[in-house]
Amino acid sequence: MAAGKDASLRIATFNVNGIRSRLPHLLQWLEKEAPDIACLQELKAADAGFPIEAIRDAGYGALWMGQPSWNGVAILARGGDPIESRRGLPGMRDDTQSRYLEAAAHGVIVGCLYLPNGNPRPGPKFDYKLQWFDRFIEHAQTLFDSKHPVVLAGDYNVVPTDALDIYDPTHWRKDALLQPETRERYEALLAQGWTDALRTLHPEEKIFTFWDYFRNHWPRNAGLRIDHLLLSDDLAPRLKAAGVDRWVRDLKGASDHAPTWVEIGAKKAAKKVAKRKA
DNA sequence: ATGTCGTGCCCCGCACGA
């Protein structure tokens, strides 16, 4: 249910890369970090394969949108069930890929997304990435204009800058994650007014959320920042902390992503009008 | 082209996507 009136809110996103094989890590992380809301991506499981019992036993309610083998997203809420507000993006009726789920929980609306990777480029996969991104940008505008407290959390498959969001762009020049078309769209999103939480709190720090399995990238800390949490106008002033749970990436048999989170301060109580004595 | 994972199919190795 709702966090205590004065409690802050921790919201996280975690690309698990297979919910069934990663369940022990997920549970370990939930127990240790206890996020109030967790967005998961790359479930790689059909709806029936989602481990709802274990997640309930850990104290979380959940919504999920599965798909056999690929994609799949879920929203977890500590102590209660998230209230679904959207399943899939508007304008993408024929989309067969499970990449967007939205719900209300703990007083915020959370959009959980798994933006297409887009490789190889050029090609139909890159075209699909841009098309999906455009639909997402449209929907994000609607959410932003609603003035509701909204967090858009997920694996964006965008490395926003060469300078701070990747260990070394040299070998990634042709990758879909660094293309101008990809980055322009991320910028367009920010131009709507959204706050990139991690970058805002740590403006000059190299931050990574993903280290691929190839070439010994994790031990070398050769990472990329592609998991992002964007905050609406209403939530941005309440941003207190943000970070990456790197210890999860260091576990044996880890996902290639680490959980990434924000902490939102308590909503200020509406100013009480002094009661006039009769 | 390569690296290493998780998944599913079809049978115990492969193709695929990332």
Side-chain angles (χ1 to χ4, degrees), chain A residues 13-29 39-52 54-55 64-74 92 95-100 112-133 136 153-160 165-179 181-183 185-186 208-228 244-260:
Chain A
T13 179
F14 182 20
N15 180 321
V16 293
N17 190 12
I19 183 90
R20 287 164 294 170
S21 65
R22 214 72 64 200
L23 185 59
H25 288 188
L26 174 65
L27 297 175
Q28 199 179 334
W29 172 67
C39 296
L40 308 181
Q41 301 87 30
E42 281 208 83
L43 304 179
K44 292 187 172 180
D47 281 337
F50 188 81
I52 184 59
I55 285 168
W64 62 97
M65 183 186 192
Q67 181 185 330
S69 299
W70 319 118
N71 312 312
V73 287
M92 297 223 56
D95 194 5
T96 55
Q97 305 189 21
S98 297
R99 295 183 175 276
Y100 188 78
C112 173
L113 64 138
Y114 177 45
L115 209 134
N117 172 296
N119 282 307
R121 176 208 63 93
K125 295 202 173 154
F126 190 64
D127 296 342
Y128 173 68
K129 177 181 194 148
L130 299 184
Q131 185 203 358
W132 201 98
F133 215 151
F136 178 65
D155 179 353
Y156 283 69
N157 273 311
V158 180
V159 172
D165 302 309
I166 186 167
Y167 66 103
D168 177 358
T170 309
H171 302 293
W172 295 80
R173 277 282 165 245
K174 294 178 179 172
D175 196 281
L177 279 57
L178 278 72
Q179 294 315 303
E181 297 94 326
T182 304
R183 288 174 162 173
R185 282 166 173 79
Y186 190 70
F208 306 141
T209 66
F210 163 85
W211 299 258
D212 78 20
Y213 291 125
F214 311 154
R215 308 179 209 94
N216 219 25
H217 274 178
W218 168 246
R220 291 167 46 214
N221 192 30
L224 286 66
R225 188 174 77 99
I226 57 176
D227 299 277
H228 308 300
V244 181
D245 292 329
R246 294 173 59 106
W247 67 268
V248 179
R249 183 63 181 83
D250 201 43
L251 295 171
K252 192 172 168 61
S255 165
D256 39 7
H257 296 250
T260 305

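Side chains included, hydrogens not; waters and symmetry mates left out as well; all remaining heavy atoms used. Order of the sequence lines sets the chain letters (A, B, ...), proteins ahead of strands, with each chain counted from 1.
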Whichever of A:Asn117 and A:Pro68 has the more 5' nearest nucleotide on DNA chain B, that residue is A:Pro68
Before giving the answer on side-chain hydrogen bond (donor to acceptor under 3.5 Å, both in side chains), spell out for A:Asp95 and A:Tyr128 the whole-Å C-alpha distance, their side-chain angles and the decisive distance to 0.1 Å. CA-CA 10 Å; A:Asp95 194 5; A:Tyr128 173 68; 2.8 Å; yes
Going by number, which of residues 166-173 of chain A have a non-hydrogen atom under 4.0 Å from DNA chain B? none
Roughly how many Å apart are B:dC16 and B:dC10, using the P atom of each and rounding to a whole number? 14 Å
Is the distance between the ring centroids of A:His217 and A:Tyr167 under 6.0 Å? yes
Positional range of nucleotides in DNA chain B within the contact set of chain A, heavy-atom, under 4.0 Å: B:dG3 to B:dA18
Can you sort out the partners of A:Arg121 under salt bridge (charged side-chain N to carboxylate O under 4.0 Å, His left out), two or more places apart, ordered by chain and number? none
Full working for side-chain hydrogen bond (donor to acceptor under 3.5 Å, both in side chains) between A:Tyr186 and A:Asn157: CA-CA 10 Å; A:Tyr186 190 70; A:Asn157 273 311; over 6 Å; no
May I ask you to decide if A:Asp155's main-chain N or O and A:Asn15's side chain share a donor-acceptor pair within less than 3.5 Å? no
P atom, B:dG8 versus B:dT2: distance in rounded Å? 26 Å
The residue, A:Arg215 or A:Ala46, whose nearest nucleotide of DNA chain B is more 5′ is A:Arg215
Please confirm whether A:Arg99 makes a cation-pi placement over A:Tyr114, using NZ or CZ under 6.0 Å from the six-membered ring centre and within 45° of the ring normal. yes
Quantified in whole Å, what is the C1' atom distance between nucleotide B:dC12 and nucleotide B:dA1? 28 Å
Would you check, one step at a time, whether the test side-chain hydrogen bond (donor to acceptor under 3.5 Å, both in side chains) holds for A:His257 with A:Asp227? CA-CA 8 Å; A:His257 296 250; A:Asp227 299 277; 2.8 Å; yes
A:Trp211 and A:Asp256: side-chain donor and acceptor closer than 3.5 Å? no
